[in-house]
Amino acid sequence: MTTADTRRRPTGPRAATPMNGGEPSLAVYYALLITQTVSLIGSQISEYAVSIAVFRATGQATPLALVAFFSVAPAVLLGGFAGALADRFDRRRMMLVANLGFTLVSGLLLLSFASGAFRLWHLYALTLGASVFTALGRPAFQASVTTLVPDSRRDRANAIGQMSGSAAGVIAPAVAGMLYVLLGVVGSIAIDIATFIAAIVVLAIVRIPRPAETAEGRAMRTSVWRQAFDGFRYLAARPALLGFCGYISTVNFLASAAFVLLTPYVLARTGSPPLLGMILGGMNAGGVAGALAISAGARVGSRINTVMLGVFAVGLFIGVAGVSRNPPAIGASLFLLLFALAFTDAPFWSMMQAKVAPDVQGRVFAAYLQLIMLMAPLAFLVVGPLADRVFEPARHQPVWHSVSWLVGAGPGSGMGMMLVAAGALILALSVTVYAIPAVRRLEARLPDQTATAARSCRRNQTAAFARPGERAVRPEGQAPSAPRRGRPCSRACRWRRAGSGR
């Protein structure tokens, strides 16, 4: 690189872009992942301890389902606003505020249990508060990946990011039961608070680059209230992508209903909290294995094909879990379920990070998350009462003999039938959607955001040679290096040209 190139390249935190992200940015990304993994381990230890205590006290699935409802409702309601904030403000500070909020909420939950005054409504209210901070922090983290990781390494980075959650799911259940016996709920929550403090320290040290402004970003530059709906307008302008979001929302409704039943389902089938921890730990080991396969380059054709085949497998193994009646069979089916789930998440996020301009990703990703989570609260509201008042009591009725050969008639068989139904519906819906050509060609038809920025740059340079009122035509042989009129080349394009020596 020449001296002139060096002068043209901006320096400092704002200079880093997805196109020139190097080892320092990757180091920040992996530091955040390690911190996130440790924090997730603490959170899941706390969640398992609280779930065991609540289920033992009530013997019902409904309280746990309501906790799940309050954990997603703010993401559905506030996602667009959070995405606008992630694009407008420093994303590192957004994550820092989220972790400070988690620490406060966990501290209040600890006081509730330690004082002996715990009530279920305390848990619902504090879960709602924690999920508000989750809604603020998640778009900021997802949108930061593009500025920290180059596109060539993004599949692997997203897979490793997904692996962090699964790794936490392996470790947390294995130790949560033991810690629950040794430390109780209060001690488990204290561990969670310690991991949040560690995350705050790391976020106070690292720096996350802000993305360069693109043509799309300038066009969407309005008030924060209007920007809260920019992501929806972006998706509405791409009907195939919007339709795919609707499909994923329906799948998420069915899968959420299945996942919220797993803890009461496994406890009902096995009657053993230690076995619950082992089975859920094995399930998350499947997520780790799937993420490792993705990071090693495993893919079936395009990214969208990989996602669709992963959803097929998710539906299949949810149904298999429902017909499983002993711990080894349940554990194996849940292992394969999380293995398949890895193929639905990381490839899709890599595709979206390549297609959406970095400075609008907060809004677009938040809108996507809002849409796919739109029906999840309904699932959490209905699944508990359906399990407690309809399906589990139905196993004592004569009509149950018609399905007892499939799911059995013992405790948990009603919830097993719910899993079978959810899996079958996911399979049927996925076959129907995959038959639509626009879905199969979704990745190919959406332009890459780097190509979109390059076209915008060329249009600006061509316009520079036009006189007012004339059509923009560049003289033959004239290099577009020194525009005289019109808008200058975008900052992102200048950085790319500087990085390539042009």
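Numbering of residues begins at 1 and proceeds along the displayed sequence. Model, not experiment: these values are computed from the prediction.
Counting only distance, with no hydrogens or angles, the side chain of Thr250 and the backbone of Gly246 share a donor-acceptor pair below 3.5 Å. In terms of modelled atom types and a separation under 3.5 Å, the side chain of Asn99 and the main chain of Met95 share a donor-acceptor contact. A donor-acceptor pair under 3.5 Å links the side-chain atoms of Glu392 to the main chain of Gly412, judged by distance alone. Asp230 contributes no side-chain N or O that, together with a main-chain N or O of Arg363, makes up a donor-acceptor pair within less than 3.5 Å. With hydrogens and angles ignored, the 3.5 Å screen pairs no side-chain donor or acceptor of Ser413 with any backbone N or O of Gly416. Panel note: side chain Asp87, backbone Gly362; a donor-acceptor pair is recorded below 3.5 Å. The closest donor-acceptor contact from the side chain of Ser106 to the backbone of Thr103 lies at 3.5 Å or more, if one exists at all. Using modelled atom types, no side-chain atom of Ser39 and backbone atom of Thr35 make a donor-acceptor pair closer than 3.5 Å. Using a distance-only test at 3.5 Å, with no hydrogens or angles considered, a donor-acceptor pair links the side chain of Arg92 to the main chain of Leu203. Side-chain atoms of Arg156 come within 3.5 Å of backbone atoms of Ser295 as a donor-acceptor pair (strictly under, hydrogens ignored).
A heavy-atom distance below 4.5 Å is found between the side chains of Pro437 and Arg441. For the pair Asp192 and Thr195, the minimum side-chain heavy-atom distance is below 4.5 Å. Contact check for Ile318 versus Leu337: side-chain heavy atoms found under the 4.5 Å cut-off. At least one side-chain heavy atom of Leu280 sits less than 4.5 Å from a side-chain heavy atom of Thr263. The shortest side-chain heavy-atom distance between Val390 and Pro385 does not fall under the 4.5 Å cut-off. Side-chain contact between Pro411 and Arg269: absent, with no pair of heavy atoms (C-beta onward) separated by less than 4.5 Å. Using a 4.5 Å heavy-atom cutoff, the side chains of Met283 and Leu262 are in contact. Side-chain contact between Cys245 and Leu235 is present, with at least one heavy-atom pair separated by less than 4.5 Å.
The two atoms that bring Val383 and Ala257 nearest to each other are CG2-O, 3.5 Å, heavy atoms only. The minimum heavy-atom distance linking Ile208 with Ser144 is given by the pair CG2-OG, 3.8 Å. Residues Ala376 and Ser256 share a closest heavy-atom pair of CB-OG, 3.9 Å. Of all non-hydrogen atoms in Ala140 and Met94, the two that sit nearest each other are CB-CB, 3.8 Å. Taking all atoms of both residues into account, the shortest heavy-atom contact from Leu427 to Gly315 is CG-C, 4.1 Å. Taking every heavy atom of both residues into account, Leu334 and Ala321 meet most closely at CD2-CB, 3.9 Å.
For Arg440, the CZ atom is densely surrounded, since the number of other residues' heavy atoms within 6.0 Å is greater than 12. In the displayed structure, Arg325 atom CZ is contacted under 6.0 Å by more than 12 heavy atoms of other residues, nucleotides or ligands. Within 6.0 Å of the CZ atom in Arg93, the count of heavy atoms belonging to other residues, nucleotides or ligands does not exceed 12. Heavy atoms of other residues, nucleotides or ligands lying less than 6.0 angstrom from CZ of Arg138 number 12 at most.
Interatomic distance, CG of Leu254 versus CE of Met418, reported as 11.0 Å (0.5 Å rounding). For the atom pair OG (Ser51) and CG (Leu267), the distance works out to 9.5 Å, reported to the nearest 0.5 Å. Taken from CZ in Phe348 to CZ in Arg303, the straight-line distance is 11.5 Å, to the nearest 0.5 Å. To the nearest 0.5 Å, atom OG of residue Ser430 and atom OH of residue Tyr247 are 2.5 Å apart. One distance of note links CG of Leu371 with OG of Ser249; it measures 7.0 Å at 0.5 Å rounding. Put simply, CZ on Phe141 and CG on Leu136 are 16.0 Å apart, with the number rounded to the nearest 0.5 Å.
Between Phe339 and Phe343, the ring planes lie tilted relative to each other; the angle falls in the 30° to 60° range.
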Audit row: Ile191, Ile41, side chain to side chain contact (heavy atoms under 4.5 Å, CB included) steps and yes/no: CA-CA 9 Å; Ile191 292 173; Ile41 291 172; over 6 Å; no
Test side-chain hydrogen bond (donor to acceptor under 3.5 Å, both in side chains) applied to Glu443 and Asn305, step by step: CA-CA 9 Å; Glu443 182 177 5; Asn305 283 338; over 6 Å; no
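A cation-pi arrangement is present between Arg238 and Tyr234, with the terminal nitrogen or guanidinium carbon under 6.0 Å from the aromatic centre and inside a 45° cone about the axis.
Taking the centre of each ring, Tyr368 and Trp349 come in below the 6.0 Å mark.
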